[in-house]
Amino acid sequence: MDAEQLRECGHKMVDFIADYYKTIENFPVLSQVQPGYLHKLLPDSAPTHPDSLENLFDGEVLQLDIQTKILPGVTHWQSPNYFAYYPSNSSVAGFMGEMLSAGLNIVGFSWITSPAATELETVVLDWLGKMLKLPEDFLSAGQGGGVIQGTASEAILVVLLAARDKFLKKAGKNALEKLVVYASDQTHSALQKACQIAGIHPENCRLLRTDSSTNYALPPDVLNKAISSDVSNGFIPFFLCATVGTTSSTAIDPLSALGRIAKSHGMWFHVDAAYAGSACICPEYRQYIDGVEEADSFNMNAHKWLLTNFDCSALWIKDRNALIQSLSTNPEFLKNKASEANLVVDYKDWQIPLGRRFRSLKLWMVLRLYGVENLQSYLRNHINLAKHFEELVAKDSRFEIVTPRIFSLVCFRLLPACKDEALANKLNDDLLNAVNSTGKAFISHTVLSGKYVLRFAVGAPLTEEKHVNAAWSVLQEKASALLDP
Ligand code: PLP
């Protein structure tokens, strides 16, 4: 590492990235390359001789490669015309935190390996927990605490493992095949994957049916029935995952009622608010996680909608020992006085891998450089833009809003002249492809009760009303072409 070279090239790289952001709208938001495009452009093996760092910018060889070979294959998640899936935010603050983390490049598995990494993580997750008004037992002063995972999938997996092991301790290790997991059919597939990894039998994963009558939220009586039937058949209900803001349509499971049921059966209750959790730092949206008091664990992704560059998934747990008992190892080569004396947190025991990045720097920078008020305004602005889009859709009688909008996602579809569902599905699939192939906007889809539905998620940091209007114009124009070719 040559510090002067880093200074020079680092400045140039920042210039390059700043220019990228300035011109981001010139790129098609959804990459238009064909599968395998890059294989054809790159040599079969790594270069024998090094390219000089100077070459990156001055010689322009590498820069040219980035522009002509890499960027065409990039889908521009930070484009203001990005409305697909859920957004993944970046910000100057998050970027600087990421840079500092890359610069320090520590591997903070135990407190001793970088005390600041562990302690800052504990502090910022307490801050964020307080912003969300999580119950005190989720904070680090008691038996609980927060930890940054890479993704919500990891967060769900680790709490499932903790719950599994807690139950197996009581019921005996041969009880694994009796353990049953409950969630709605709208729950993210991360839960299914976690079950696969945790050895929960696929047939013991109850994804309970939801429909439009509850706006795709899990009805407590459906859960009750499923649990009663399992108990009478000798199964052991052990884990319930509720979602606040489902991936398809932002459905909100009724946490209080579900939590009470989970508690009455001694089950572990997890709440996944990967996307919508951010909005709950606004007092008027906090109601959507009312009932989190009943939960054993709660996760939200700061990297989705809280201006923190990917990856930063926050997980809080009420009983940190449950995690530690399930995930800790203590090999000789990691032993140290602070850990042995039980004076410190060793986050290696709260996650799957050993190694971990200094991710809290990103969140810390974001919380400090924005402050809670600005973050709240940021979220409200997106929600207002989504409301504006919803109003535009509602004014055009060729379209229908499929589920009520709560946060910044609008679920809608185009209606064919005749009420044929198969035709409606094809029409909307065609509309999605027509819009996305323009490169002017990127939207995604889902299926709700057999209906193919378009999803318009506002949440890219650069999106303004003019971008929403422009995307709507493209949608209208393509809809007209499809309805009246
Ligand atoms: N849970 C919900 C509600 C989500 O919306 C998502 C992703 O969009 C996930 C979990 C999975 O997130 P991750 O990619 O962080 O694992």
Side-chain angles (χ1 to χ4, degrees), residues 75 77 82-90 94 132 146-161 181 183-198 205 207 210 215-218 239-253 255 258 269-280 285 288-289 292 295 297-316 351-353 356-357 359 362-363 379 382 386 403 405-411 442-448 453 455-460:
T75 288
W77 283 66
Y82 182 97
F83 302 102
Y85 312 115
Y86 281 135
S88 187
N89 283 185
S90 85
L132 288 162
V147 58
I148 299 177
Q149 305 281 332
T151 61
S153 304
E154 290 163 69
I156 294 168
L157 172 60
V158 296
V159 295
L160 184 75
L161 293 173
V181 169
S184 89
D185 59 359
Q186 299 299 309
T187 306
H188 194 277
S189 54
L191 178 67
Q192 245 172 302
K193 191 180 268 194
C195 287
Q196 282 164 230
I197 298 170
C205 194
L207 298 181
T210 59
N215 288 327
Y216 298 94
L218 176 58
F239 191 88
L240 168 66
C241 180
T243 307
V244 174
T246 57
T247 315
S248 275
S249 68
T250 64
I252 297 172
D253 289 333
L255 301 189
L258 296 178
F269 181 35
H270 178 72
V271 176
D272 174 17
Y275 152 75
S278 295
C280 300
Y285 289 97
Y288 294 114
I289 54 167
V292 69
S297 46
F298 173 84
N299 75 275
M300 57 81 74
N301 283 355
H303 65 238
K304 271 187 163 46
W305 200 12
L306 207 64
L307 290 165
T308 310
N309 291 39
F310 187 82
D311 53 352
C312 185
S313 180
L315 168 69
W316 290 267
Q351 62 172 23
I352 304 295
R356 62 199 322 271
R357 304 174 63 228
R359 283 184 290 226
K362 293 184 279 194
L363 188 53
L379 293 155
H382 283 156
T403 54
R405 179 202 51 77
I406 305 165
F407 302 103
S408 69
L409 171 72
V410 181
C411 290
F442 180 28
I443 56 172
S444 60
H445 83 283
T446 189
V447 172
L448 292 168
V453 174
R455 295 171 74 266
F456 190 90
V458 180

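Counting convention: from 1, in listed order, for ligands and their atoms alike. Any value given below was found using the heavy atoms of this structure, including those in side chains, with hydrogens, waters and symmetry copies removed.
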*Side-chain contact, heavy-atom cut-off 4.5 Å: Ser297 with Val271?*
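Ser297 does not reach Val271 side chain to side chain.
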_4.5 Å side-chain heavy-atom contact, Tyr216 and Thr403_ =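 Heavy-atom side-chain distance check passes, below 4.5 Å.
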*Using salt bridge (charged side-chain N to carboxylate O under 4.0 Å, His left out) as the criterion, list what pairs up with Arg357, not counting sequence neighbours.*
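Expected list: Glu98, Asp311.
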For ligand 1, run through the N/O pairs with the protein that fall under 3.5 Å and put one pair on each line.
| residue | atom | partner | partner atom | Å |
| --- | --- | --- | --- | --- |
| ligand 1 | 1 (N) | Asp272 | OD1 | 3.4 |
| ligand 1 | 1 (N) | Asp272 | OD2 | 2.6 |
| ligand 1 | 5 (O) | Thr247 | OG1 | 2.9 |
| ligand 1 | 8 (O) | Lys304 | NZ | 3.1 |
| ligand 1 | 15 (O) | Ala152 | N | 2.8 |
| ligand 1 | 15 (O) | Asn301 | ND2 | 2.9 |
| ligand 1 | 16 (O) | Ala152 | N | 3.4 |
| ligand 1 | 16 (O) | Ser153 | N | 2.9 |
| ligand 1 | 16 (O) | Ser153 | OG | 2.5 |

*For His445, enumerate each residue passing the ring-ring contact (aromatic ring centres under 6.0 Å, His included) test, keeping only those at least two apart in sequence or located in another chain.*
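For His445, the residues satisfying ring-ring contact (aromatic ring centres under 6.0 Å, His included) (neighbours in sequence not counted) are Tyr452.
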_For Phe456, give me all partners under ring-ring contact (aromatic ring centres under 6.0 Å, His included), at least two apart in sequence or on another chain._
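Once residues adjacent in sequence are excluded, the partners of Phe456 under the ring-ring contact (aromatic ring centres under 6.0 Å, His included) criterion are Phe83, Phe389.
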*Describe, in one word, how the ring planes of Trp305 and His382 are oriented to each other, choosing from parallel (under 30°), tilted (30 to 60°) and perpendicular (over 60°).*
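Rings of Trp305 and His382: parallel, as their planes differ by under 30°.
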